[in-house]
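Atoms within a ligand are numbered from 1 in the order they appear, just like the ligands themselves. The basis for the numbers below is simple: all heavy atoms, side chains too, and nothing from hydrogens, waters or symmetry mates. For clarity, every value in this text was computed on a predicted model and none was experimentally measured.
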Amino acid sequence: MTRLVELEATGPRKLDPEDIDDEKGNVAICQCGLSDDFPFCDGSHRKTSDEEEGTTYVYEDGERKVVEEVVTEDDTDENE
Ligand code: FES
C-alpha cells in the first residue's frame, strides 16, 4: 500500500505543552497525511482502512483515486 500525499509544509511543527488537551489526554499526531488538522489526527485516517497492499492511492477534493502508474522525474529523464 502506498499513498501519494502532497504537503506544503517545509518544516516540523513542535508541540507545546498547551497543545496537550487536558480533557482528552494525549494528542495523536497524524502519520497518514490526510488530517485537516495536521499535524494532529482528526480521524481522517479511517478513509485508508480498506486500502489494498500494492495499490497506490491519491486523495483529492475528498475523493480517493487509484494511481495506475507513478512516473518520477528520474523516469522521464531515462526516456529522453
Ligand atoms: S493518522 Fe492521519 S488523520 Fe489520523
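- Atoms CD and OG1, from E68 and T56 in turn, are 9.5 Å apart once rounded to the nearest 0.5 Å.
- The distance cut-off of 2.8 Å around atom 2 (Fe) of ligand 1 captures these protein N, O or S atoms, sorted by chain and number: C30 SG, C32 SG.
- Note: H45 NE2 to L34 CG = 10.0 Å, rounded to the nearest 0.5 Å.
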For R64 and E51: C-alpha separation, side-chain torsions, deciding distance, then whether side chain to side chain contact (heavy atoms under 4.5 Å, CB included) applies. CA-CA 10 Å; R64 179 176 71 186; E51 289 182 347; 3.6 Å; yes

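- For the side-chain contact (heavy atoms from CB on, under 4.5 Å) with F38, the qualifying choice from C30, S44, C32 is C30, the only one to do so.
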Verdict with reasoning, V67 to Y57, per side chain to side chain contact (heavy atoms under 4.5 Å, CB included): CA-CA 5 Å; V67 176; Y57 301 91; 5.9 Å; no

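- Applying the salt bridge (Lys or Arg N to Asp or Glu O under 4.0 Å) rule to pairs touching residues 52-63 yields E60-K65, sequence neighbours excluded.
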